[in-house]
Number of protein chains: 2
Amino acid sequence: MDNNVKNYADEEHCPVRNVLDRFGDKWSMLVLMLLSDMEVLRFNEIHKYIGTISQKMLTVTLKKLEVDGLVNRKAYPEIPPRVEYSLTDRTKTLMPIIQDLAQWANQNMADIQYSRSKAV
Amino acid sequence: MDNNVKNYADEEHCPVRNVLDRFGDKWSMLVLMLLSDMEVLRFNEIHKYIGTISQKMLTVTLKKLEVDGLVNRKAYPEIPPRVEYSLTDRTKTLMPIIQDLAQWANQNMADIQYSRSKAV
DNA sequence: CAGTATCCGCGCGGATACTG
DNA sequence: CAGTATCCGCGCGGATACTG
């Protein structure tokens, strides 16, 4: 139980903190879900699917995910260049959990919105 | 499939976006996990468990969670005041998913950290 | 005890222009 | 096509002082 206390205070070792640090940002999870559905996508394809993301943020998001080993990046030595992105095996084991989360959100968001509106 | 496209572009109706907007902030998930473990906690108890949260952010976080119907707030009309926080029934159905997420993080974070260190 | 009120820095992410 | 480079505003969250 003393251990329990430490887990909540210690940011370094809190797993939820680590998860949020990886893809708690504005776009990462959306990119992961898109790649989960489409399997393989090129840079501009992702950009078109997520119409509202800026080019810079797509670059930053993909690079971060790649560095963390959450997406594969395959560049073909062609002109014009072609780069394909896909989920890594590790990330594929994560997606069912994300799906659960999305499903929970779908089932509960209407009630939450209602709860929120009453409070105001 | 045209529907699929819309889901990714449309921020209003993306369930994952909605989830992250609710507890993708710095402290919400941590508070939820703590309340999940301890069941009922007073304001200052939460503050002590999460040593690094500021008083302001704990207030803000709890208020947001309460407004969204994700935590119960029960104030006793005493002096000095006593306020108890606990999860709502709705949030209790969310916690297994969060636990899965935490477990996945625990199992994969070491590899991700290694992947990240190689990239630098 | 359980908050409010105020001030403020930093960094996330958008906009725009440019490139191998 | 798949990025890079630069500039910049806004809002999240910390610090500090105060209160019914």
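Just so you know, these numbers come straight off a predicted model, no measurement behind them. Letters A, B, ... mirror the listed sequences (proteins, then strands); counts begin at 1. When reading the values below, keep in mind they use all heavy atoms of this one structure, side chains included, and skip hydrogens, waters and symmetry mates.
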### Message
Taking the nucleotide of DNA chain D with the nearest heavy atom to each, does Ser54(B) or Pro81(B) sit closer to the 5' end?
### Response
Ser54(B)

### Query
Can any side-chain N or O of Asn72(B) pair as donor or acceptor with the backbone N or O of Leu87(B) at less than 3.5 Å?
yes

### Message
Could you tell me how far apart His47(A) (NE2) and dA2(D) (C1') are, to the nearest whole angstrom?
### Response
11 Å

#### Entry: Nearest listed nucleotide, side chain of Pro80(A), among dG13(D), dT4(D), dC1(D)
dC1(D)

### Query
Hey, is the side chain of Lys56(A) pairing donor to acceptor with the base of dG13(C) inside 3.5 Å?
yes

### Query
Contact class for Tyr76(B) vs. all strands (heavy atom < 4.0 Å): base, sugar-phosphate, or nothing?
nothing

### Task
With heavy atoms under 4.0 Å as the rule, sort Gln55(A) into base, sugar-phosphate or nothing.
base

### Query
Hey, are the side chains of Ile46(B) and Leu58(B) touching, using non-hydrogen atoms and a 4.5 Å cut-off?
yes

### Contact under 4.0 Å: Arg42(A) side-chain N or O vs dA2(D) OP1/OP2
yes

### Task
Give the rounded distance in Å between these two atoms: CD1 of Ile79(A) and C1' of dC1(D).
11 Å

### Message
What is the separation between atom CG on Leu62(B) and atom P on dG13(D), rounded to the nearest whole Å?
### Response
14 Å

### Message
Is it the case that the side chain of Ser86(B) and the backbone of Val40(B) share a donor-acceptor pair, with hydrogens and angles ignored and the cut-off at 3.5 Å?
### Response
no

### Query
Atom CD1 of Ile46(A) to atom P of dA2(D): distance rounded to whole Å?
9 Å

## Note on the structure
When rounded to whole Å, the CG to P distance for the pair Leu58(B) and dT4(C) reads 11 Å

### Query
Just by distance, do the side chain of Arg17(B) and the backbone of Lys26(A) share a donor-acceptor pair under 3.5 Å?
yes

### Query
Taking the side chain of Lys26(B) as its heavy atoms from C-beta onward, which of dG13(C), dG13(D), dC1(C) lies nearest to it?
dG13(D)

### Query
To the nearest Å, how far apart are Met57(A) CE and dG3(D) P?
15 Å

## Note on the structure
Which of dA5(C), dC1(D), dG3(C) is nearest the side chain of Tyr85(B)? It is dG3(C)

### Query
Atom CD1 of Ile53(A) to atom P of dG3(D): distance rounded to whole Å?
13 Å

### Query
Between Arg82(A) and dA2(D), is there a side-chain N or O to OP1/OP2 distance below 4.0 Å?
no

### Query
Taking the side chain of Arg73(A) as heavy atoms from C-beta outward, which of dA15(C), dC1(D), dA2(D) is closest to it?
dA2(D)

### Query
Do the side chains of Asp25(A) and Lys64(A) get nearer than 4.5 Å, heavy atoms only?
yes

### Message
Given dG14(D), dT4(C), dG14(C), identify the nucleotide with an atom nearest to the side chain of Trp27(A).
### Response
dG14(C)

### Query
CD of Glu66(B) to OG1 of Thr88(B): how many Å apart, nearest 0.5 Å?
11.0 Å

### Task
Go ahead and name the base partner of dG14(D); Watson-Crick or wobble counts if both distances stay under 3.5 Å, otherwise write none.
dC7(C)

#### Entry: Spacing between Leu30(B) atom CG and dG13(D) atom P, to the nearest angstrom
13 Å

#### Entry: Partner nucleotide, any strand, of dT19(D) [Watson-Crick/G-U, under 3.5 Å]
dA2(C)

